Enquirer: 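Submitted below is the structure of interest, expressed as structure tokens.
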There are 2 protein chains.
Amino acid sequence: MAIPSAVGKTLIETLTARLGEASVLTDAGSKEPYLTETRGLYRGDALAVVRPRDCDEVSFVVGECARAGIPVVPQGGNTGLVGGGVPFGGVVLSLTRLDRIREIDGSNATITVEAGCILKTVQDAADAAGYLFPLSLASEGSCRIGGNLATNAGGTAVLRYGNMRELALGLEVVLADGRVWHGLKGLRKDNTGYDLRDLFIGSEGTLGVITAAVLKLFPKPQARVTAFVATASTHKALNLFERLRESAGDQLTAFEYLPEFGLEIVLKHKSGAVRPLSDRYPSYALIELSSPQKDADLQGRLETILGAAMEDGLVDDAVLGSSEAQSLALWALRESLSEVQRYEGGSIKHDVAVPVSRVAEFIEAATKACEAEMPGLRVCAFGHFGDGNIHFNLSQPVGMDKQAFLAEWGRFNHIVHDIVNAMGGSISAEHGIGLIKRDELKLYKDPVALDLMRALKQTLDPQNILNPGKVIALGDNKSASFSALTGQS
Amino acid sequence: MAIPSAVGKTLIETLTARLGEASVLTDAGSKEPYLTETRGLYRGDALAVVRPRDCDEVSFVVGECARAGIPVVPQGGNTGLVGGGVPFGGVVLSLTRLDRIREIDGSNATITVEAGCILKTVQDAADAAGYLFPLSLASEGSCRIGGNLATNAGGTAVLRYGNMRELALGLEVVLADGRVWHGLKGLRKDNTGYDLRDLFIGSEGTLGVITAAVLKLFPKPQARVTAFVATASTHKALNLFERLRESAGDQLTAFEYLPEFGLEIVLKHKSGAVRPLSDRYPSYALIELSSPQKDADLQGRLETILGAAMEDGLVDDAVLGSSEAQSLALWALRESLSEVQRYEGGSIKHDVAVPVSRVAEFIEAATKACEAEMPGLRVCAFGHFGDGNIHFNLSQPVGMDKQAFLAEWGRFNHIVHDIVNAMGGSISAEHGIGLIKRDELKLYKDPVALDLMRALKQTLDPQNILNPGKVIALGDNKSASFSALTGQS
């Protein structure tokens, strides 16, 4: 339990005087939901949780924290997977009350939203106005736009629409000294100086606090077809992906991958899930084509491509979900996979990316290496194959002690990350660095890049008060480390 | 003529010793082509022009210049339009000899190229490998990839494929102290820390020297249709654009705008140009649909959309270029417009962007304001309408003295930029800031953003030796200013 210093007490009084008591939570019960991360990997503490209502209040809070030299940990929906939002002292700055949709400009195909908007709310608002906001991820019902921006969120629609970075045009950001950068422009082209926007996006709250954004909208898909396809190997899956990309172009909106082990545990643990093909195969791809044109014959096109792929031995079997209900059922198989792994015991996870050309080779090599390291280990490699982004997860051997397995987390990380690194890949494709990969990053990131990151952090946050100790450690940030990783579920 | 100091002489000797005499040009005749910019707006000077052959040599040159405290002005094809590549003392670092295509990875849909590659060479290499590299601009036969990256180049394909920033995945960059950031990754997803890539892209050589990049490739279009369409007003053109975006989606690859005055001067000065429609209309749009699918019925789709638009009074007349030759002839009308303005005397130019929803309103308001300011002035507003990016150019009144007209450059800038600014727009959509807009930027850019830019410049280039005085002025960069703008053609 954090005991406020005199400076801390004065800060809390100052914040309470301006924001009101209901906006500055200091009792243990009220603070509780803000102190742990979603998987229970870390538990932190904070002097207070502050809940400002608008950008001015955020600016005031950050400015006062800067004057007091007290850390600020920005938090949105607190759904992150790398411990980026866990406070270790200081003040939690919850953005959830900045939840207005400020404007929808249909003609400009943009929506202006505040950081605390839930992703699903933004999707729904766009939909109601006749547009698509494409960002889509498992936690969309509770994650918030500010967190999506702070982590440059990915998800299942990146293949066609890009990461959060590609979906954002302008930002409003509170800097480490409380000043506000008014960069909330909705422009497709703007070459007036350095790209500040993309510096804040993906900085996980360590360079500034994003309070609002102008996001891109797209024409709503009017036609859609989904297929669940069996292939004999990851290499055949890659070959199929290349064909689809070439011939379907932007109609190809998803190419997700899952292995037989992944399908098995979904069928075992998810009520209502039905095996989509009559036989078992080593690997599966979930493919989606969509188009803004009602009359696009997507089913015909996909049948043609898959038919040819079958003749050429790339595809063993396939089923098309041509109705909305069938499509949703196929998607549910893929989407349940994140959740059901927990029922198979401990799980050591990696969120990695390699060049798409090497994704099949990566899955094979990493699987072989991990299986050799621990007999009985069950590899669950799945995800955004078309982006080269694989969630390379390892389920514990049946019957092994869970904590004993999880104690091997670091060892398996190195095995997998060494392979990723040798292929020119990334040890964090979409989840970010936060705390969980901060020290691992030092092993794999170009040292010049690390130096540049440190220099940028020092420039934009010279007091090191914005989410200190996350992403990159400066000096004596010993507040938390990988060893905090104990209560993993 | 720059007289080298003792330090300068030693530097030149050091560079010559390592790179060889042929790589370090010091005589006036050899330096000449590197000292002026393409429109003759500025004339600079340099101690030497250095022509390294690879990244190591670039690193050596920049490192030695840093030790000597002597400025480095990176230069590619020297085709920029804002004076960004003009040296005012120091060393010109010409990247033209770094012209290798290092790799094409078809399966990853990427091409790795060095900064000195001519854009057209990259387009051709992609094409030969069966892919599209979409960046396309007037100077593509002579501009170079390093310059395209340094200025975040735009052009005619942005509507569908994005700016250079969206086309780049990884970079190799020489920093201000000569160190090399090896960030040449070909990943679709990489959330391992701050976005260094986009900081260097668009920084116009002031934060680092880009030596190579991994760029995205796309499936080659297999079908294409072009239309030249007449509309009664900019507002009707906007309405038509919205319809096309909604129904054609990503098949809409261009929506360019030109006014009757623009068409007139093309027909007058361009041999072989033929009026595409029988009557005259206030405004025209050049529309292109394309698809990677051979069997996509683009002509049918476009005819349907344009037919409905005619019935609804949005379109007055239209012609389709369904053969490649017809398409090229229609495109030539638009592309010649940049060039032919010079035959109408002095031209005061603006490269601006507004939200797409306000582009029609902008053209109207700015036209009215400028015409009111100077009777007889001829507005030539054209360009990338679908991106909200208009080249709002002003041709002098017939018979007026050219220099007298050009003396009004600053006054018209303010009139136009005030309107742009009030609409949340940008005073440099795609050409950058360089020297010509450096002081203008201070009037319109958010002051906090300017402070951040200065802080970033000081962090990444503490000696202020990388292209000093461009984009943002630090301290006493009085080397050049707007008043240097005299020999405008």
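Being a predicted model, the structure only gives us computed values, none of them experimental.
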Enquirer: Between A/Asn389, A/Val448, A/Asp198, who has the most heavy-atom pairs with chain B when the cutoff is under 4.5 Å?
Expert: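 The answer is A/Asp198.
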Enquirer: Verify side-chain contact (heavy atoms from CB on, under 4.5 Å) between B/Tyr194 and A/Ile433, making sure each step is shown before the conclusion.
Expert: CA-CA 10 Å; B/Tyr194 308 150; A/Ile433 296 300; over 6 Å; no
Enquirer: So which part of A/Glu430 gets closer than 4.5 Å to some heavy atom of chain B, the side chain, the backbone, both or neither?
Expert: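 When you check distances to chain B, atoms from both the backbone and side chain of A/Glu430 fall under 4.5 Å.
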Enquirer: Under a 4.5 Å cut-off applied to non-hydrogen side-chain atoms, are A/Leu452 and B/Leu175 in contact?
Expert: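 A side-chain contact exists here, since the closest heavy-atom pair is under 4.5 Å.
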Enquirer: Under the 3.5 angstrom rule, does the side chain of B/Arg188 hit a backbone N or O of A/Val158 as a donor-acceptor pair?
Expert: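 Not at all, since once roles are kept as given, no pair shorter than 3.5 Å links the two residues.
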Enquirer: Does the side-chain contact (heavy atoms from CB on, under 4.5 Å) test come out yes or no for A/Asp295 and B/Arg301, once each step is laid out?
Expert: CA-CA 10 Å; A/Asp295 59 351; B/Arg301 181 175 313 281; 3.8 Å; yes
Enquirer: Checking A/Leu238 against chain B: side chain, backbone, both or neither under 4.5 Å from a heavy atom?
Expert: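 Contact with chain B is through the side chain of A/Leu238 alone.
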Enquirer: Measure distances from A/Leu169 to the heavy atoms of chain B and classify the residue's part below 4.5 Å as side chain, backbone, both or neither.
Expert: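 Nothing of A/Leu169, per the 4.5 Å heavy-atom cut-off to chain B.
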Enquirer: What part of B/Leu196 is in contact with chain A, defined as an atom under 4.5 angstrom from a non-hydrogen atom: side chain, backbone, both or neither?
Expert: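 Side chain only.
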Enquirer: Which heavy atom of B/Leu456 sits nearest to which heavy atom of A/Leu456, and what is that distance?
Expert: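 Shortest heavy-atom separation between B/Leu456 and A/Leu456 comes out as CD2-CD2, 3.5 Å.
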Enquirer: Does any backbone or side-chain atom of A/Ala109 lie under 4.5 Å from a heavy atom of chain B? Answer side chain, backbone, both or neither.
Expert: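 Its backbone and side chain both get close to chain B.
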Enquirer: Does any backbone or side-chain atom of A/Thr192 lie under 4.5 Å from a heavy atom of chain B? Answer side chain, backbone, both or neither.
Expert: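 Looking at A/Thr192, backbone and side chain both touch chain B.
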Enquirer: Is there a side-chain contact (heavy atoms from CB on, under 4.5 Å) between A/Arg160 and B/Asp250 once you walk through the steps?
Expert: CA-CA 11 Å; A/Arg160 164 63 186 83; B/Asp250 274 325; 2.3 Å; yes
Enquirer: Can you tell which part of A/Asn163 gets under 4.5 Å to a heavy atom of chain B, answering side chain, backbone, both or neither?
Expert: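 A/Asn163 touches chain B through side-chain heavy atoms alone.
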Enquirer: Let me know if B/Val180 has heavy atoms under 4.5 Å from chain A in its side chain, its backbone, both or neither.
Expert: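 Backbone only.
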Enquirer: Would you call B/Asp105 and A/Arg358 a salt bridge, using N to O less than 4.0 angstrom?
Expert: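 Judged by the 4.0 Å cut-off on N to carboxylate O distance, B/Asp105 and A/Arg358 do not form a salt bridge.
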Enquirer: Does a donor on one side chain and an acceptor on the other come within less than 3.5 Å for A/Asn108 and B/Ser357?
Expert: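 Short answer, no.
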Enquirer: Less than 4.5 Å to any heavy atom of chain B: does that hold for the side chain of A/Thr110, its backbone, both, or neither?
Expert: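 For A/Thr110, no heavy atom lies under 4.5 Å from chain B.
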Enquirer: Does some side-chain heavy atom of A/Asn191 sit less than 4.5 Å from a side-chain heavy atom of B/Ser426?
Expert: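 Result no, sub-4.5 Å side-chain heavy-atom pair not found.
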Enquirer: Evaluate the side-chain contact (heavy atoms from CB on, under 4.5 Å) criterion for residues B/Gln293 and A/Gln251: first the C-alpha distance (whole Å), next the side-chain angles of each, then the deciding distance (0.1 Å), finally the verdict.
Expert: CA-CA 10 Å; B/Gln293 290 141 11; A/Gln251 291 181 340; 3.1 Å; yes
Enquirer: With salt bridge (charged side-chain N to carboxylate O under 4.0 Å, His left out) as the criterion, how do B/Arg179 and A/Asp451 come out once you've worked through the C-alpha distance, each side chain's angles and the decisive distance to 0.1 Å?
Expert: CA-CA 11 Å; B/Arg179 283 184 303 163; A/Asp451 269 4; 2.8 Å; yes
